[in-house]
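Values below: all heavy atoms of this structure, side chains included; hydrogens, waters and symmetry mates excluded.
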Amino acid sequence: MKKTDRIKNIRNIGIMAHIDAGKTTVTERILYYTGRSHKLGEVHDGEAVMDWMVDEQERGITITSAVTTCLWREKEIQLIDTPGHVDFTIEVERSLRVLDGAIGVFCAVGGVEPQSETVWRQADKYKVPKIAFVNKLDRIGADFFATVEMMKTRLNANPLILQLPVGAEDQFSGVIDLVRMNRVVWDDDSLGAAFTLTDIPQALLAEAETYRELLVEAIAEVDDGIMESYLSETPIDQEALIEAIRRATIGLKLVPVLCGSALKNKGIQPLLDAIDRFLPSPADVPPIAGIHPETGESVDCPPTDKAPLAALIFKVSMAEGRKLSFVRVYSGKLKDKEDVYNPALGKKEKISRILRMHANKRERIEEIGAGGIVGIIGLKDSSTGDTLCHADHPLLLEKMEFYEPVISVAIEPKTHADQEKLEQVLEKFVAEDPTLRVKQDEDTGQTILSGMGELHLEVIVSRMMREFNTQVNVGKPQVVYRETISQEAGASARFDNEVSGQRHFARVDLRVRPLARGSENRFLSKIRDETIPAVFVPVIEKSVMEALESGALMGYPVVDVEIALVGGEHRDGASTELAYKVSASMAVNDALNKGGPFLLDPIMAVEIFIPESFVGEVIGDLNARGGKIEAIAHKGSAQVISATAPLAKMFGYSTSLRSASQGRGTFTMLFSHFDSR
């Protein structure tokens, strides 16, 4: 195979969905039918290949994104199975950052659920072409067309129906392929490995022809070639139709929609064909661009092995005590035992091993070319979001964005032996997970662990005990608040002391005023050079911004304030950076105290799915928690309540909701903004 063909035959894809939509089951079937695994791993049995962590197997959910590679029709599919729970959304974010295509899996009963919207928006952010797979058509209440309609209204997507389900619920037996105009029926005895193509039954032919016409019309609207054939009523060649769908998918104009039931082994082979036909290779997407770290000029990274090396670390895992870095190679080659350069750190690193990953199993390889996704052992200082290149061709790829944690717990070691291990263990977890924060509370001496949600922190503590045998006591979760002020205020601070035999003098006058929520902080200088020399203004600004990291009320970061430098005093020979730094910090604290400081709660966006008969009780409970109902919508036989509520009042809500809805209610919650109650 030519090297150019190798790159064109790569498909870097991710599988994303709301929790319990069946994406890990879809992944397991893909591995089975491509021959990558030789038995069907089931999530409910705790035997899914991709859910290899003990916590994943016990809870039946995906916690960490897992990478694997399989072959289908000579295409090398590098696949990442991502979590569906909102607490682990960073795993989806950093996976989508390095993928060329994605499969959105939707439950035919639940439709487009809240976390589906979140991951879809993340894919849109990185301009990732997508295919939709409507799963669980064998379930009671499954509605294929309602799910497609929800894709339009909730995701603002342009779905292109390529298949129709044959039968529904327990009568679901196969699909009709609208491109090839035939019926696909799977053999249950072979666990779905064998299937037959038959003519479309006469009873379903009229519906199939109607949707085939709609399919061609939808493609004609976005493809000039198909439009010409459609208007001239020329028969449209099947391959021309496939090529047009491919162009429209890669161009983000359409989202092909397929359907099936992964658990019942139906619909996976056509999905694999769709990955092959419609999702892009690294050569089909615009080449990623970086910047030269010294000149700031844009540098293109063409997807060829001959180009200079450009690779991005998108994940770090502390597997078996060793640092394993997951890397996407955009251009050039990575070779075993070679030196690479990290321009962000200005350091060279040595690669000791390159590993092709299959969940938690590895295969050592000598090199990997453009388009490859591999694990690397040997990088000591490089971390998530860093670029790897060669020192003679330095470049920086765009950094990754990470979410701020909104919930904290206090942890303390149970024994002296645990005390010695705890710091090292936490260091490893923070290196793995950019949304995890660890700090020492200066007042209490406690170690505070902050994360994205209760489950997130629960899993970290569980892993701490299982994987590192570090026993800890966990305190009640504490909310990470923010502080702001309610009114304008001014303050002046003067520093006039002798330090180490030298006189240090400065006076700084500041005014603070509140800004609208979400405005962040800003600093203004409203003085003339003769008041305070311009050289000291950046020192004052830096000191002011550092002082805002700890508020006057309870020491939380201060947000949404404007600080203006309005006056001060300078003495030749006595005024120093130290004096201005100290006086600026003192003035900020004084001004914040006078400005009517108050706390801002992290406000969560909550979406609750419940049967109609429980709406009143659930709304009453939300109101008691300080929640605000924003919308109530019908979704089949269920009601969807959209609300906002302060995080501090939402601890243990899952138990309350189960109690209020006889176990039939579900909810999702994600951070929305900071605000007063």
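In this structure a side-chain-to-backbone donor-acceptor pair under 3.5 Å is missing from Arg437 to Ser450.
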Using distance only, find each side-chain donor-acceptor pair of residues 538-551 under 3.5 Å and give its atom names and separation, not counting sequence neighbours.
residue : atom : partner : partner atom : Å
Ser543  : OG   : Lys581  : O            : 2.6

Pairs of donor and acceptor atoms involving the side chains of residues 563-576, under 3.5 Å and at least two apart or interchain, shall be tabulated with distances.
residue : atom : partner : partner atom : Å
Glu569  : OE1  : Arg507  : NH1          : 2.9
His570  : ND1  : Ser575  : OG           : 3.4
His570  : ND1  : Tyr580  : OH           : 3.3
His570  : NE2  : Asp572  : OD1          : 3.2
Ser575  : OG   : Phe505  : O            : 3.0
Ser575  : OG   : Arg571  : N            : 2.8
Ser575  : OG   : Arg571  : O            : 3.3
Thr576  : OG1  : His504  : ND1          : 2.7
Thr576  : OG1  : Ala579  : N            : 3.2

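Annotation: side-chain contact (heavy atoms from CB on, under 4.5 Å) contacts of Gln487 (sequence neighbours excluded): none. Listed by chain and number, the residues in a salt bridge (Lys or Arg N to Asp or Glu O under 4.0 Å) with Asp381 are Lys347 (sequence neighbours excluded). Scanning for side-chain contact (heavy atoms from CB on, under 4.5 Å) contacts around Ala311 gives Leu309, Val327, Val329, Leu388, with sequence neighbours left out. Not counting sequence neighbours, the partners of Arg522 by the side chain to side chain donor-acceptor pair (under 3.5 Å) test are Glu562. With sequence neighbours excluded, the residues that form a side chain to side chain donor-acceptor pair (under 3.5 Å) with Ser382 are Asn342, Glu349. Partners of Ser642 according to the side chain to side chain donor-acceptor pair (under 3.5 Å) rule, which considers only residues two or more places apart in sequence or in another chain, are Glu607. The side chain to side chain donor-acceptor pair (under 3.5 Å) check on Ser492 picks up Asp509, with sequence neighbours excluded. Partners of Asp124 according to the side-chain contact (heavy atoms from CB on, under 4.5 Å) rule, which considers only residues two or more places apart in sequence or in another chain, are Trp120, Lys130. Evaluation of the salt bridge (Lys or Arg N to Asp or Glu O under 4.0 Å) rule for Lys526 yields no partner, not counting sequence neighbours. For the salt bridge (Lys or Arg N to Asp or Glu O under 4.0 Å) test, residues two or more places apart in sequence or in another chain that qualify with Lys594 are Asp590.
For the atom pair SG of Cys389 and CG of Leu397, the computed distance is 8.5 Å after rounding to the nearest 0.5 Å.
For the pair Lys315 and Phe326, the cation-pi criterion (under 6.0 Å, within 45° of the ring axis) is fulfilled.
A salt bridge does not link Arg482 to Asp601: none of the charged side-chain nitrogens sits closer than 4.0 Å to a carboxylate oxygen.
The neighbour count for Gln471 CD, taken as heavy atoms of other residues, nucleotides or ligands under 6.0 Å away, is above 12.
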